[in-house]
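See below for the structure under consideration.
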Amino acid sequence: MSRSLEENYEKAGYHYKQSLGINPALLLVDFANAYFIEDSPLYGGEICEIARKNAIGLANLARDRNIPVIFTEVMYKPGGLDGGAFYSKVPALSCFDMGNETQKLCEGFNKSETELMVTKQYPSAFFGTSLAASLSFLKIDTLVIGGLTTSGCVRATCIDSISSGFITVIASEACGDRANEPHEANLFDMSAKYADLLDNNSVEEYFNTIETT
């Protein structure tokens, strides 16, 4: 007789809860206009809008606690010269060509000049960027990730985060996708193998345990 999914994963020890660190950062992945402009090919609808509102709340909370807030963006030279096979595979990535309104950070985050924006061309915020070095210099031990999309750049960043030695948390209510099925499936899988899932209230409780100067 085959075991249920829950029994199978429990036997393997998946979804084990980590001990979170004492020096976190909040990483907000690709909150671009492309997911919020209705005629954009990447328009994400209600799930992405909910994620945006929750991510704004987390950003404001992190700032209040002096916890670093780091943003990522996708940006290409016009025509995707620096986009390689990824740009070729997904034609809608032209939304992120330099100068397009769809490429820009969406409203509400009030990013300051002192907050880091990591520019990337591929799914992971770590691939081909200085993110890992920046986090190491700040002595970050725990990375709390929210962003778009759950099944794409959030997942890729999550895997590279734990691979880079950071305790990894997914702020589940601050992540979104164009459909609920890939959103939920990827949250489940990241929880099983790579990260703890925390809702906004739990992230707030965690941030409030951090001693700040």
Side-chain angles (χ1 to χ4, degrees), residues 25-60 62 69-113 115-131 134 143-161 170-187 189-190 200:
L26 176 65
L27 181 68
L28 297 176
V29 176
D30 299 355
F31 277 101
N33 282 331
Y35 299 106
F36 301 98
I37 296 175
E38 290 194 16
D39 62 356
S40 163
L42 293 177
Y43 177 64
E46 182 180 7
I47 301 175
C48 290
E49 180 57 32
I50 291 170
R52 184 185 74 88
K53 291 178 180 178
N54 285 322
I56 290 169
L58 291 183
N60 291 335
V69 179
I70 301 170
F71 294 85
T72 79
E73 65 177 358
V74 179
M75 185 164 63
Y76 298 107
K77 296 182 184 302
L81 179 65
D82 51 349
F86 187 38
Y87 194 96
S88 177
K89 171 66 176 174
V90 185
L93 290 177
S94 61
C95 287
F96 301 119
D97 281 8
M98 185 186 305
N100 286 353
E101 188 64 25
T102 46
Q103 187 276 328
K104 298 175 183 177
L105 180 68
C106 66
E107 292 183 354
F109 286 100
N110 300 320
K111 178 188 173 296
S112 75
E113 291 298 321
E115 291 173 337
L116 181 64
M117 174 69 81
V118 176
T119 301
K120 62 191 181 72
Q121 288 76 44
Y122 293 91
S124 171
F126 288 89
F127 182 80
T129 77
S130 60
L131 177 59
S134 296
L143 194 60
V144 179
I145 303 171
L148 309 173
T149 60
T150 315
S151 61
C153 294
V154 171
R155 179 189 174 90
T157 299
C158 171
I159 293 172
D160 277 358
S161 174
I170 298 297
S172 58
E173 294 178 334
C175 296
D177 216 307
R178 284 176 292 280
N180 195 53
E181 292 84 356
H183 172 68
E184 293 294 342
N186 280 275
L187 287 179
D189 197 54
M190 286 187 287
N200 266 39

With sequence neighbours excluded, residues passing side chain to side chain contact (heavy atoms under 4.5 Å, CB included) with [X]:
| X | answer |
| --- | --- |
| S134 | L116, S130 |
| A179 | E181, P182 |
| E115 | R63, V69, F71, K111, S112 |

If I compare all heavy atoms of [X] with all of [Y], which pair ends up nearest, and what's the gap?
| X | Y | value |
| --- | --- | --- |
| A55 | F31 | CB-CZ, 3.5 Å |
| N200 | N54 | ND2-O, 3.1 Å |
| Q121 | M75 | NE2-O, 3.1 Å |
| F96 | A32 | CE2-CB, 3.7 Å |

(request) Return each pair, listed once, that meets side-chain hydrogen bond (donor to acceptor under 3.5 Å, both in side chains) where at least one residue sits in residues 143-154; pairs must be two or more places apart or across chains. (result)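 The answer is T150-H183, S151-D177.
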
(request) Take Q103 and E73, measure what side chain to side chain contact (heavy atoms under 4.5 Å, CB included) needs, and give me the verdict at the end. (result) CA-CA 8 Å; Q103 187 276 328; E73 65 177 358; 3.1 Å; yes

What side-chain donor-acceptor pairs closer than 3.5 Å can you find for residues 154-161, not counting sequence neighbours?
unit_1: R155; atom_1: NH1; unit_2: N186; atom_2: OD1; d: 3.2
unit_1: R155; atom_1: NH1; unit_2: D189; atom_2: OD2; d: 3.0
unit_1: R155; atom_1: NH2; unit_2: D189; atom_2: OD2; d: 2.9
unit_1: T157; atom_1: OG1; unit_2: A125; atom_2: N; d: 2.9
unit_1: T157; atom_1: OG1; unit_2: C153; atom_2: O; d: 2.7
unit_1: D160; atom_1: OD2; unit_2: S124; atom_2: OG; d: 2.7
unit_1: S161; atom_1: OG; unit_2: T168; atom_2: OG1; d: 2.8

(message) Taking salt bridge (Lys or Arg N to Asp or Glu O under 4.0 Å) as the cut-off, I'd like each qualifying pair that reaches into residues 118-127, sequence neighbours left out, listed once.
(response)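 Sorted pair list: D30-K120.
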
What is the distance from atom [atom1] of [X] to atom [atom2] of [Y], rounded to the nearest 0.5 Å?
| X | Y | atom1 | atom2 | result |
| --- | --- | --- | --- | --- |
| D82 | Y122 | CG | OH | 7.5 Å |
| I50 | C175 | CD1 | SG | 12.5 Å |
| L105 | N33 | CG | CG | 7.5 Å |
| Y35 | R178 | OH | CZ | 6.0 Å |

Can you sort out the partners of [X] under side chain to side chain donor-acceptor pair (under 3.5 Å), two or more places apart, ordered by chain and number?
| X | answer |
| --- | --- |
| E173 | none |
| K104 | E101 |
| E49 | R52 |

Side chains of residues 37-48: which donor-acceptor pairs under 3.5 Å do they make with residues two or more places apart or in other chains?
unit_1: S40; atom_1: OG; unit_2: A34; atom_2: O; d: 2.7
unit_1: S40; atom_1: OG; unit_2: L42; atom_2: N; d: 3.1

Please tabulate, for the side chains in residues 86-95, all donor-acceptor contacts under 3.5 angstrom to protein atoms that are two or more places apart in sequence or on a different chain.
unit_1: Y87; atom_1: OH; unit_2: D97; atom_2: OD1; d: 2.9
unit_1: Y87; atom_1: OH; unit_2: D97; atom_2: OD2; d: 3.2
unit_1: S94; atom_1: OG; unit_2: P91; atom_2: O; d: 3.2

(message) Can you tell me if E107 has over 12 outside heavy atoms packed within less than 6.0 Å of its CD?
(response)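 At most 12 heavy atoms, drawn from other residues, nucleotides or ligands, come within 6.0 Å of this atom.
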
